[in-house]
Amino acid sequence: KQWYQRRVRGPEGGLYGPESFVTGKEDGAHFSRGYYSVGKGHSDQVMEHIRKQVEQCDSLQGILITTSIGGGTGSGFTSLLNHRIYQSYRHTTKLQFSVF
C-alpha cells in the first residue's frame with residue numbers, strides 16, 4: 001500500500017490516476033488461484049477499465065504493463081490479463097516491464 005500511495009501522491013502522481021492501479025491482497029499465493037479462480041472475478045472489471053482508457057485515446061499507440069512476477073496470485077492474475085489484453089487488442093503494441 002505504501003508503494004501505491006507514493007506513486008499517486010509523489011512526483012509521478014500526475015502520470016497515472018489512482019484508477020490506473022490494480023492493488024489488493026490475496027492470501028492464496030498460488031499462480032493457479034490468480035489465473036483460474038480469484039483472477040476471473042476481477043478480470044472483467046479490469047478489462048472494462050482498460051476499455052474505458054482506450055476509448056479516451058485519439059490514437060492508441062500501445063499498452064504498458066508493469067507487474068511483479070515473483071510468483072503467487074499476482075503473477076497468475078497478470079498472466080490472465082495479458083491473455084485477455086492480447087485477445088482484445090491483438091494489433092496493438094504491448095510493452096511489459098517485469099519486476100522481481
Side-chain angles (χ1 to χ4, degrees):
K1 189 168 183 164
Q2 290 178 352
W3 179 88
Y4 167 77
Q5 290 174 347
R6 283 193 306 254
R7 293 301 171 270
V8 174
R9 296 183 183 141
E12 311 87 19
L15 295 175
Y16 307 103
E19 70 280 353
S20 298
F21 294 92
V22 177
T23 62
K25 183 178 180 188
E26 169 59 36
D27 61 352
H30 296 285
F31 178 92
S32 61
R33 284 182 51 84
Y35 195 92
Y36 296 106
S37 62
V38 174
K40 293 262 187 201
H42 297 291
S43 63
D44 288 336
Q45 177 185 3
V46 173
M47 289 302 295
E48 178 65 14
H49 175 71
I50 291 170
R51 183 190 63 75
K52 288 178 182 178
Q53 294 292 316
V54 168
E55 285 180 353
Q56 292 180 12
C57 296
D58 292 331
S59 177
L60 179 65
Q61 298 296 308
I63 297 174
L64 173 65
I65 302 167
T66 304
T67 182
S68 170
I69 59 170
T73 309
S75 61
F77 181 61
T78 302
S79 294
L80 173 63
L81 281 180
N82 281 336
H83 179 75
R84 294 203 52 198
I85 289 169
Y86 176 77
Q87 289 176 327
S88 298
Y89 304 99
R90 191 173 302 265
H91 300 292
T92 302
T93 301
K94 287 152 277 307
L95 182 60
Q96 180 172 349
F97 293 96
S98 300
V99 180
F100 291 97

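What you see is a predicted model; the values in this text were computed from it and never measured.
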> I need the Tyr35 OH to Lys40 NZ distance, nearest 0.5 Å.
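Going from OH on Tyr35 over to NZ on Lys40, the span is 6.5 Å.
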> Atom NE2 of His30 and atom OG of Ser75: how far apart are they, to the nearest 0.5 Å?
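Here the rounded value is 11.5 Å.
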> About how many Å separate CG of Leu64 and CG of Leu95, when rounded to the nearest 0.5 Å?
5.5 Å
> Decide side chain to side chain contact (heavy atoms under 4.5 Å, CB included) for Arg84 and Asp44; before the verdict, give the C-alpha distance in whole Å, the side-chain angles of both, and the deciding distance to 0.1 Å.
CA-CA 9 Å; Arg84 294 203 52 198; Asp44 288 336; 2.9 Å; yes
> State which residues pass side-chain hydrogen bond (donor to acceptor under 3.5 Å, both in side chains) with Gln45; sequence neighbours excluded, sorted by chain then number.
none
> Identify the heavy atoms of Phe31 and Ser79 that sit nearest to each other, and give their distance.
CE1-OG, 3.5 Å
> Could you state the interatomic distance from CD1 (Ile85) to OG1 (Thr92), rounded to the nearest 0.5 Å?
10.5 Å
> To check you understand the geometry: which heavy-atom pair defines the closest contact between Leu80 and Gly34, and what is its length?
CD2-O, 4.2 Å
> Could you measure the distance from the CD atom of Gln53 to the CG atom of Leu60? Nearest 0.5 Å is fine.
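Nearest 0.5 Å value for the CD-CG distance: 11.0 Å.
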> Parallel, tilted or perpendicular, judged at 30° and 60°: which one describes the rings of Phe77 and His42?
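Phe77 vs His42 ring planes: perpendicular.
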> What are the two closest non-hydrogen atoms of Gln61 and Thr93, and how far apart are they?
O-CB, 3.8 Å
> Report the distance from atom NZ of Lys52 to atom SG of Cys57, rounding to the nearest 0.5 Å.
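One finds 15.0 Å between NZ of Lys52 and SG of Cys57.
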> Is the closest basic N to carboxylate O distance between Glu48 and Arg51 below 4.0 Å?
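A salt bridge links Glu48 with Arg51.
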> Which residues satisfy the side-chain hydrogen bond (donor to acceptor under 3.5 Å, both in side chains) test with Tyr86, sequence neighbours excluded?
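Tyr86 satisfies side-chain hydrogen bond (donor to acceptor under 3.5 Å, both in side chains) with Arg90 once adjacent residues are dropped.
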> What's the shortest heavy-atom distance between Ser98 and Gln96, and which atoms?
OG-NE2, 3.7 Å
> Ignoring hydrogens, what is the shortest heavy-atom contact between Lys94 and Tyr89? Give both atom names and the distance.
NZ-O, 2.7 Å
